Amino acid sequence: MDIKVDDSSLLGALDELAQIGAIEGGGCARLALSDEDKAGRDLVVARMKALGLQVQMDAIGNVIGLRPGREKLAPVMTGSHIDTVRTGGRYDGNYGVLAGLEVVRALNAAGVSTRRPIAVAFFTNEEGARFQPDMLGSLVYAGGLGLNEAYAAADKDGLSVGDELRRIGYLGAARPGAIRPSAFIELHIEQGPVLDEEKIRIGVVESVQGISWTEYTVSGVSNHAGTTPMRLRRDAGYLAASVNVFARRLAREMGGHQVATIGALALRPNLINVVPNRAVFTVDLRNTDEAKLKEAEARVAAHIAEVAKEERVAVEAKVLARFEPVIFDAGLVDRVEHHARALSLSTRRMPSGAGHDAQMMQRLCPTAMIFVPSVAGLSHNVEEHTAPADLVAGAQVLLNLLLELAERP
Ligand code: HGY
Ligand code: MN
Ligand code: MN
């Protein structure tokens with residue numbers, strides 16, 4: 001019996017969630033544990049309950065909706081995140097969670113039971129835009145970070161994860177990781193240009209590249225922009241700018257999957273006629289190859305040390321996140337490819353450039369990801385878009401794969 005996802009049900013759910021934290025240009029701003037995130041969580045939990053799922057909230061705010069199976073076996077789990085960056089699109093994360101709920105709705109409508117339970121999850125603070133590290137909730141779930149350390153993570157205003165979880169009413173009782181899935185599948189938009197450029201319908205994701213996030217605080221001497229000779233300057237802003245140029249050139253020289261981003265930069269006093277005495281900036285380095293990522297980290301650090309000496313400024317480094325590349329379960333990756341091709345969808349194998357909760361779940365159980373195209377590769381941008389037909393196709397691959405896995409002994 002062919003069970004089909006329903007276009008309007010899935011697209012309607014995406015539109016409804018996109019209204020929460022909606023921003024100019026059609027995107028979403030639902031920073032983790034903000035009031036907007038709470039509102040989004042409340043909506044998705046209500047949808048889970050309306051589908052008859054048993055809803056569990058854990059001590060780091062991860063939420064899991066469980067559809068019982070015929071047998072008391074470990075569930076097959078799918079899911080993603082519903083927190084967004086401040087300039088987010090409406091599909092990043094949200095799509096994987098709502099497609100998981102659409103699978104449940106279609107199974108309910110078809111009156112189909114499965115041997116194994118099916119679980120749909122959303123994890124706390126995947127984005128890492130407000131609190132670091134990213135993938136915080138799934139990292140705790142997979143046992144990679146202790147609860148107290150996670151609770152202590154604080155945002156720029158000094159508000160902590162623990163306090164904010166309590167404030168929005170999502171500090172749950174369940175032990176993170178108590179539900180250990182038999183397999184985890186995450187459906188996600190690619191967020192890069194590959195599938196769109198090559199006109200491929202489904203990305204069969206084999207791995208997630210390594211991620212290195214560091215925050216640098218540079219201390220120099222503020223001085224008059226007009227009277228201070230260049231030879232006397234100790235310009236914190238100059239070091240920050242030089243790292244940006246160096247990192248760009250380094251990524252170009254290394255080639256391959258190497259990328260480098262100086263995404264956040266704050267100067268003080270940030271005035272047109274004052275040499276900055278303080279700069280706080282972040283460096284995001286990524287590569288599919290751990291040795292190359294380490295090389296990039298070392299070369300950036302060496303550059304910073306060299307310029308700091310020349311400019312006579314002090315530099316403090318704080319690691320915000322550091323994850324090695326993750327390889328997904330080969331057998332599951334094959335099954336993603338099989339189900340996509342069974343629907344006559346073109347496929348290509350690829351790494352993920354973005355971080356995902358799936359990279360943490362691979363620590364717990366066989367895990368794989370399904371990608372659908374992002375138009376022009378845009379993401380973390382309000383114009384993030386995926387064609388409705390691709391959204392539905394990805395959800396159908398997810399349904400067919402979850403059904404297969406949920407019947408496995
Ligand atoms: O940064 C990332 O790759 C993810 O969006 N957290
Ligand atoms: Mn995401
Ligand atoms: Mn993201």
Side-chain angles (χ1 to χ4, degrees), residues 14 17-18 21 23 27-34 37 40 44 62 78-100 121-142 144-145 153 184-192 203 205 207-215 257-264 282-288 293 319-326 350-361 367 369-374 377-386 391 394:
L14 282 162
L17 182 53
I23 50 176
C28 299
R30 292 200 305 271
L31 286 174
L33 309 185
S34 62
D37 184 26
V44 175
N62 299 320
T78 187
S80 191
H81 61 95
I82 59 172
D83 66 299
T84 75
V85 295
R86 200 174 329 111
T87 56
R90 55 176 53 196
Y91 302 109
D92 177 359
N94 305 313
Y95 168 52
V97 176
L98 295 177
F122 62 80
F123 296 100
T124 295
N125 187 48
E126 186 280 341
E127 290 295 359
R130 181 182 178 196
F131 303 102
Q132 292 81 34
D134 55 348
M135 286 78 75
L136 178 86
S138 49
L139 180 63
V140 170
Y141 194 90
L145 185 68
F184 182 82
I185 305 290
E186 182 169 1
L187 172 63
H188 205 287
I189 55 171
E190 178 202 337
Q191 300 182 281
V205 188
S207 64
V208 178
Q209 64 180 349
I211 299 177
S212 163
W213 283 2
T214 308
E215 178 184 77
H257 288 282
Q258 185 60 48
V259 288
T261 312
I262 281 68
T282 58
V283 177
D284 177 326
L285 300 170
R286 308 201 196 191
N287 200 307
T288 52
L293 183 54
V319 174
L320 297 178
R322 181 60 169 92
F323 301 120
E324 295 194 5
V326 170
M350 60 197 294
S352 172
H356 297 287
D357 293 310
Q359 74 188 84
M360 303 307 172
M361 296 303 286
T367 296
M369 289 189 75
I370 309 164
F371 272 175
V372 293
S374 292
L378 269 182
S379 184
H380 286 188
N381 178 312
V382 295
E383 292 181 24
E384 178 182 277
H385 184 66
T386 296
L391 293 168

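One is the number of the first residue; the rest follow in order along the sequence. Everything numeric here is computed off the predicted structure, so don't read it as measured data. Counting starts at 1 for both ligands and their atoms, following the listed order.
- Across all non-hydrogen atoms, the minimal contact from Glu190 to Ser374 is N-OG, 3.6 Å.
- Taking atom 5 (O) of ligand 1 as the reference point, the nearest protein heavy-atom neighbour is Glu127 OE1, 2.9 Å.
- Just one residue in the list Ile189, Asp83, Leu17 forms a side-chain contact (heavy atoms from CB on, under 4.5 Å) with Asn94, and that residue is Leu17.
- Side-chain contact, His380 with Asp92: a donor N or O sits under 3.5 Å from an acceptor N or O.
- The atom of His188 nearest to the Mn ion (ligand 2) is NE2, with the search restricted to N, O or S atoms.
- Distances from the Mn ion (ligand 2) to the N/O/S atoms of Asp92 are shortest for OD1.
- For a threshold of 3.5 Å applied to N or O pairs, the pair formed by Gly355 and ligand 1 contains at least one separation below that value.
- Ligand 1 has no nitrogen or oxygen under 3.5 angstrom from a nitrogen or oxygen of Trp213.
- Between Asp134 and ligand 1, at least one N/O pair is under 3.5 Å apart.
- Within the coordination shell of the Mn ion (ligand 3), defined by N, O or S atoms under 2.8 Å, His81 is absent.
- The Mn ion (ligand 3) is the vertex of the angle joining NE2 of His380 and OE2 of Glu127, which measures 110° to the nearest 10°.
- Using a 4.5 Å heavy-atom threshold, the side chains of Tyr91 and Leu14 count as touching.
- Within the 4.0 Å heavy-atom cutoff, Arg286 counts among the residues contacting ligand 1.
- Proximity of Gln191 to ligand 1 is not established, as no heavy-atom distance is less than 4.0 Å.
- For the atom pair CG of Leu31 and CG of Asp37, the computed distance is 8.5 Å after rounding to the nearest 0.5 Å.
- From the protein, the heavy atom lying nearest to atom 4 (C) of ligand 1 is Glu126 OE2, 3.5 Å.
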